[in-house]
Amino acid sequence: MELEKLDGNIIGIISNDFQNEDFSGKKVREIIVKKVNESLKMVRLNLEILDKNFEDLSSRDMNKVILASKLQEKVIILINFSKGMLKKDLEYFKALFKKIKNYDRKIILIDYNAELFIGLVDHYYVFSNNQIKYETKDIFDRVLENYIDMPSIVRFINQCESDGIRLDHYYELDELLKAIYRIKS
């Protein structure tokens with residue numbers, strides 16, 4: 001299956017079928033070869049990391065290095081990118097991915113962390129044995145619950161709908177709280 005041909009600009013794939021490229025034994029400077037300074041700045045790393053061995057990095061920094069190495073590509077494929085990332089990191093990279101998409105690039109995120117997907121991904125695919133098992137454009141799709149741990153806000157809204165309380169699909173807690181307050185009034 002050619003991932004580049006999937007529908008969507010920022011695609012979320014739920015699967016164990018894919019593995020990251022093996023960068024063992026390489027220094028970071030051998031991995032990031034195009035527009036090094038700009039790429040490192042975009043992923044919030046400094047130049048000192050260039051002389052470090054890839055396998056000596058934290059999983060968080062490994063993922064940042066992988067992203068920095070792919071920023072110049074038309075299709076950016078990131079596997080388990082959220083591993084080791086803090087919530088504030090995820091928020092920063094979600095904003096960065098939205099900007100990258102505007103430069104006519106496709107981003108494919110292969111991950112099980114739905115927190116990375118919420119409010120970002122425009123098309124979801126579930127893969128098994130390199131075949132599409134399920135696809136949807138809506139993270140609130142209840143079938144996705146069978147494959148991934150949904151973000152708390154999605155579980156809450158889906159539970160409310162099951163209990164007969166109609167809520168729009170909100171990605172931000174503040175917006176959800178305002179909607180609940182309006183229902184109460």
Is there side-chain contact between [X] and [Y], with at least one heavy-atom pair below 4.5 Å?
X: Lys133; Y: Ser15; value: no
X: Val28; Y: Leu57; value: yes
X: Asn9; Y: Ile107; value: no
X: Leu176; Y: Leu167; value: yes
X: Asp138; Y: Leu144; value: no
X: Phe93; Y: Lys64; value: yes
X: Glu91; Y: Met85; value: no
X: Ile139; Y: Met150; value: yes

If we ignore hydrogens and angles and just use 3.5 Å, is the side chain of [X] paired with the main-chain N or O of [Y] as donor and acceptor?
X: Arg166; Y: Glu161; result: no
X: Asn113; Y: Glu115; result: yes
X: Tyr125; Y: Asp7; result: yes
X: Arg105; Y: Glu73; result: yes
X: Asp111; Y: Ser82; result: yes
X: Glu135; Y: His123; result: no
X: Ser69; Y: Ile66; result: yes

Taking atom types as modelled, is there a side-chain donor on [X] or [Y] under 3.5 Å from an acceptor on the other?
X: Asp141; Y: Tyr134; result: yes
X: Ser24; Y: Asp22; result: yes
X: Gln131; Y: Asp17; result: no

Do you know the tightest heavy-atom contact between [X] and [Y]?
X: Ala114; Y: Pro151; value: CB-CD, 3.3 Å
X: Lys83; Y: Asn63; value: O-ND2, 3.2 Å
X: Ile14; Y: Tyr147; value: CG2-O, 3.7 Å
X: Glu30; Y: Gly25; value: OE1-O, 4.3 Å
X: Tyr92; Y: Met42; value: OH-O, 2.5 Å

Looking at [Y] and [X], is any side-chain nitrogen of the basic one under 4.0 Å from a carboxylate oxygen of the acidic one?
X: Lys27; Y: Asp51; answer: no
X: Lys106; Y: Glu4; answer: no
X: Asp104; Y: Lys74; answer: yes
X: Arg60; Y: Asp89; answer: yes
X: Glu175; Y: Lys178; answer: yes
X: Lys41; Y: Glu38; answer: no

> Which class fits the ring pair Tyr124 and Phe117: parallel under 30°, tilted 30 to 60°, perpendicular over 60°?
Replying inline: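 Taking Phe117 first and then Tyr124, their aromatic rings stand perpendicular (interplane angle over 60°).
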Quick one: [atom1] on [X] to [atom2] on [Y], what's the gap to the nearest 0.5 Å?
X: Ser58; Y: Asp61; atom1: OG; atom2: CG; value: 3.5 Å
X: Leu120; Y: Ile10; atom1: CG; atom2: CD1; value: 4.0 Å
X: Lys70; Y: Ile100; atom1: NZ; atom2: CD1; value: 12.5 Å
X: Leu78; Y: Leu109; atom1: CG; atom2: CG; value: 6.0 Å
X: Glu48; Y: Asn46; atom1: CD; atom2: CG; value: 4.0 Å
X: Leu71; Y: Ile32; atom1: CG; atom2: CD1; value: 8.5 Å

> CG of Asp56: more than 12 outside heavy atoms within 6.0 angstrom?
Replying inline: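 Enclosed.
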> Would the number of heavy atoms belonging to other residues, nucleotides or ligands and lying under 6.0 Å from NZ of Lys94 be above 12?
Replying inline: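 Atom NZ in Lys94 is packed in, count exceeds 12.
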>> Among Ile11, Asn20, Ile108, which residue satisfies the side-chain contact (heavy atoms from CB on, under 4.5 Å) criterion with Ile77?
In response: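 Among Ile11, Asn20, Ile108, the one meeting side-chain contact (heavy atoms from CB on, under 4.5 Å) with Ile77 is Ile108.
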> Centres of the Phe97 and Phe81 rings: under 6.0 Å?
Replying inline: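 That pair passes the under 6.0 Å test.
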